[in-house]
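Working notes, beginning with the structure itself.
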Amino acid sequence: MELVAKSPAMLEIVRMAERVARTDATLLITGESGTGKDLLARFVHERSRRASAPLVKIDCAGLAQSLLEAELFGYERGAFTGANRTMPGRIEGAQGGTLVLDEVAQLSADAQAKLLRVIERREFERLGGRRALRVDARIIALTNVDLDGAVRRRAFREDLFHRLNVVRLEIPPLRARRADVRELARRFLVAARTKHGKRIKSFSTEALRLLDDYDFPGNVRELQHIVERAVIVCEGDRIEVADLPDAVRLAARSQRRRRERPTLAEVEAEYIREVLTAARGNKSEAARILGISRKNLYEKIARYHIESVKR
């Protein structure tokens with residue numbers, strides 16, 4: 001998946017990333033969970049002089065601290081119980097390329113000190129080793145933690161923070177880059193329909209409107225999951241409002257009402273859409289719930305240009 005940058009905020013991030021990619025500067029990428037920090041790191045790597053060399057990533061939050069240092073720096077035979085052979089670490093695997101440290105704030109104090117040495121001297125030792133090994137790898141650190149605050153709380157080394165913070169790119173949350181939502185949704189649709197063997201062509205206008213109005217607390221990752229779920233449950237050739245999760249529909253409409261002061265006609269049209277969705281397109285049932293005749297319901301559907309909801 002390529003980066004999507006339609007919004008001014010993301011266009012500026014991409015422009016800066018392209019400039020940074022031409023250098024070997026250490027890079028810190030921040031942003032909420034699910035905004036695409038790892039994708040931006042790959043974007044930088046692929047546009048750097050190191051593109052033909054390895055891109056090695058390690059999840060600092062996904063490994064126990066007792067294993068993280070061994071995974072990152074490697075170890076010599078006999079370094080600890082069970083170390084029956086010498087094992088190079090991720091740093092060595094990134095030789096000539098790029099090392100991505102995901103959730104760098106989770107590094108232990110000892111690992112932070114060793115990483116500082118890597119950045120400053122371009123050398124390190126394996127666990128249990130005495131020989132300094134040279135390394136030529138660009139370091140990109142990712143985090144959704146407020147590192148400035150972590151430094152103030154002394155939970156993260158200040159000297160390491162300044163070494164990592166040579167260039168910082170902060171990816172805005174999806175709610176701050178709404179111009180990207182539709183293009184991202186379309187790309188996720190193409191990927192999901194291929195994955196699940198569906199022939200869905202597009203989204204309905206109202207489905208796209210709901211996605212526009214939703215705040216996506218889980219950011220781009222949440223949008224991807226919403227679209228994939230919609231593709232799975234969709235029975236037609238386009239994704240309708242009814243294919244989106246109930247929570248998304250309710251939250252989006254609530255957010256829309258908070259941002260706008262709708263007219264009485266808009267309130268009525270929105271309520272009719274909600275009832276039709278709840279009735280799965282059954283107009284007789286919807287008319288019963290609304291307390292109007294079926295003929296009256298058809299008149300209102302035509303007046304408000306309400307799209308059909310599938311059964």
Side-chain angles (χ1 to χ4, degrees), residues 1-23 25 27-48 100 102-103 140-148 165 167-193 200-231 238-239 241 243-245 247-262:
M1 181 65 66
E2 295 182 359
L3 281 174
V4 169
K6 300 282 187 183
S7 63
M10 274 306 292
L11 284 170
E12 181 56 32
I13 290 291
V14 170
R15 280 194 290 265
M16 181 61 74
E18 287 176 333
R19 282 180 239 160
V20 174
R22 295 192 289 266
T23 74
L27 178 60
L28 176 63
I29 301 177
T30 62
E32 295 179 7
S33 179
T35 50
K37 296 184 291 294
D38 53 347
L39 194 60
L40 185 60
R42 180 173 293 278
F43 178 88
V44 170
H45 171 75
E46 291 176 348
R47 283 155 182 78
S48 73
V100 178
D102 195 8
E103 296 309 330
I140 300 179
L142 318 179
T143 185
N144 62 9
V145 171
D146 174 15
L147 276 189
D148 302 83
N165 197 37
V167 178
R168 187 193 306 202
L169 298 178
E170 183 168 0
I171 304 180
L174 190 54
R175 61 184 174 276
R177 41 183 287 218
R178 293 189 182 276
D180 296 334
V181 170
R182 293 196 176 199
E183 180 61 26
L184 282 166
R186 291 187 183 100
R187 294 193 187 193
F188 291 143
L189 170 58
V190 171
R193 75 186 180 194
I200 302 167
K201 297 176 182 177
S202 61
F203 296 86
S204 71
T205 301
E206 181 60 17
L208 285 175
R209 281 184 62 206
L210 279 180
L211 293 178
D212 285 339
D213 289 329
Y214 186 56
D215 268 353
F216 296 102
N219 292 296
V220 178
R221 186 181 299 124
E222 182 182 11
L223 173 58
Q224 181 179 14
H225 293 163
I226 287 170
V227 173
E228 182 169 9
R229 175 196 179 277
V231 167
R238 70 175 184 175
I239 291 175
V241 170
D243 299 316
L244 300 176
V248 172
R249 298 201 302 267
L250 293 173
R253 284 164 176 158
S254 175
Q255 288 154 10
R256 183 188 302 169
R257 292 189 189 106
R258 285 198 299 269
R259 288 196 297 268
E260 303 171 354
R261 289 186 178 274

Does Tyr214 form a side chain to side chain contact (heavy atoms under 4.5 Å, CB included) with Val181? I'd like the steps, not just the answer.
CA-CA 10 Å; Tyr214 186 56; Val181 170; over 6 Å; no
Considering residues at least two apart in sequence or located in another chain, which fulfil the salt bridge (charged side-chain N to carboxylate O under 4.0 Å, His left out) criterion with Glu170?
none
Please report the shortest heavy-atom distance between Thr23 and Arg19, naming the atom on each side.
CG2-O, 3.9 Å
Applying salt bridge (charged side-chain N to carboxylate O under 4.0 Å, His left out), can you list everything that pairs with Arg47, at least two apart in sequence or on another chain?
none
Mind checking the CG-CD1 spacing from Leu244 to Ile239? Nearest 0.5 Å is all I need.
7.0 Å
Which atom pair, heavy atoms only, marks the closest approach of Glu32 to Pro217?
OE1-O, 4.4 Å
Over all atoms of both residues, closest heavy-atom pair of Ala185 and Leu211
CB-CD1, 4.1 Å
Could you pull out every donor-acceptor pair under 3.5 Å between side chains of residues 38-45 and any protein atom, sequence neighbours left out?
from, atom 1, to, atom 2, distance (Å)
His45, ND1, Thr98, OG1, 2.7
His45, NE2, Ala53, O, 3.2

With sequence neighbours excluded, residues passing side chain to side chain contact (heavy atoms under 4.5 Å, CB included) with Val167
Val20, Ala25, Leu27
Working to the nearest 0.5 Å, report the span between CZ of Arg175 and OG1 of Thr35.
10.0 Å
Tell me every residue that passes salt bridge (charged side-chain N to carboxylate O under 4.0 Å, His left out) with Arg182, counting only those two or more places apart in sequence or in another chain.
Asp212
Partners of Ser33 by side chain to side chain contact (heavy atoms under 4.5 Å, CB included), sequence neighbours excluded?
Asn144, Arg221
Phe188 vs Ile226, side chain to side chain contact (heavy atoms under 4.5 Å, CB included): CA-CA, chis, key distance, verdict
CA-CA 9 Å; Phe188 291 143; Ile226 287 170; over 6 Å; no
I'd like to check the side chain to side chain donor-acceptor pair (under 3.5 Å) partners of Thr205; sequence neighbours left out, ordered by chain and number.
Glu307
List the residues meeting side chain to side chain donor-acceptor pair (under 3.5 Å) with Asp180, not counting sequence neighbours, and say none if there are none.
Ser7, Arg177
Using every non-hydrogen atom in the two residues, find where Val231 and Ala192 come nearest and quote the distance to one decimal.
CG2-CB, 3.8 Å
What's the separation between atom CG in Leu169 and atom OG1 in Thr30, rounded to the nearest 0.5 Å?
8.0 Å
To the nearest 0.5 Å, what is the distance between CG on Asn165 and CG on Leu28?
5.5 Å
Looking at Arg249 and Ala207, would you say the former's side chain and the latter's main chain have a donor-acceptor pair under 3.5 Å?
no
As an exercise, state the distance from CZ of Phe203 to CG of Leu208, rounded to the nearest 0.5 Å.
6.0 Å
Taken in chain and number order and not counting sequence neighbours, the residues that satisfy salt bridge (charged side-chain N to carboxylate O under 4.0 Å, His left out) with Arg168 are Asp148
Going by side chain to side chain donor-acceptor pair (under 3.5 Å), name the residues that satisfy it together with Thr143, two or more places apart in sequence or in a different chain.
none
Counterpart residues, side chain to side chain donor-acceptor pair (under 3.5 Å), relative to Glu18 (two or more places apart)
none
Can Arg178 and Asp215 be counted as an ion pair, charged N to O under 4.0 angstrom?
yes
Minimum heavy-atom separation for Lys37 to Ile29, with atom names?
CD-O, 3.7 Å
Would you name the heavy atoms of Pro172 and Met10 that are closest together and state the gap between them?
CD-SD, 4.0 Å
Any salt bridge (Lys or Arg N to Asp or Glu O under 4.0 Å) involving residues 5-15? Give me the pairs, sequence neighbours left out, ordered by first then second residue.
Glu12-Arg15
Nearest 0.5 Å, please: how far is CG in Leu184 from CG in Leu189?
12.5 Å
